[in-house]
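Report on the following structure.
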Amino acid sequence: MCRRRGADYARTVAVLKTLGVESWSKQKKQIRLTGGALDALMRLEPVCTALGQCGKT
């Protein structure tokens, strides 16, 4: 793994932990979130809504 990818991965892990995501799997060039990740990310919806940043797709 190149140095930059390692740093990117470390930053991504730090953000996921801060958001309350506790488990994920690392695969080549991607991080795959597991079941509990959606619950952790959905807790942010009121914050996104207040900031006008939530978009429904």
Side-chain angles (χ1 to χ4, degrees):
M1 181 184 309
C2 74
R3 186 185 266 165
R4 181 174 177 200
R5 281 197 194 145
D8 288 346
Y9 178 76
R11 283 190 292 272
T12 302
V13 167
V15 168
L16 290 173
K17 286 182 179 181
T18 300
L19 295 175
V21 177
E22 296 180 10
S23 65
W24 57 85
S25 64
K26 180 180 172 190
Q27 297 178 354
K28 186 176 182 178
K29 296 187 179 183
Q30 63 180 282
I31 294 175
R32 187 171 298 253
L33 300 178
T34 55
L38 181 59
D39 293 333
L41 296 175
M42 290 303 292
R43 288 192 296 268
L44 297 174
E45 187 173 12
V47 176
C48 293
T49 301
L51 295 173
Q53 297 298 311
C54 286
K56 301 288 182 187
T57 57

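Since the model is a prediction, treat every value here as computed from it, not as a measurement. Numbering starts at 1 and runs along the sequence shown.
Under the side chain to side chain contact (heavy atoms under 4.5 Å, CB included) rule, Val21 has a single partner from Leu33, Val13, Asp39, which is Leu33.
For the pair Trp24 and Lys17, the minimum side-chain heavy-atom distance is below 4.5 Å.
The structure places NZ of Lys26 at 15.0 Å from CZ of Arg32, a figure rounded to the nearest 0.5 Å.
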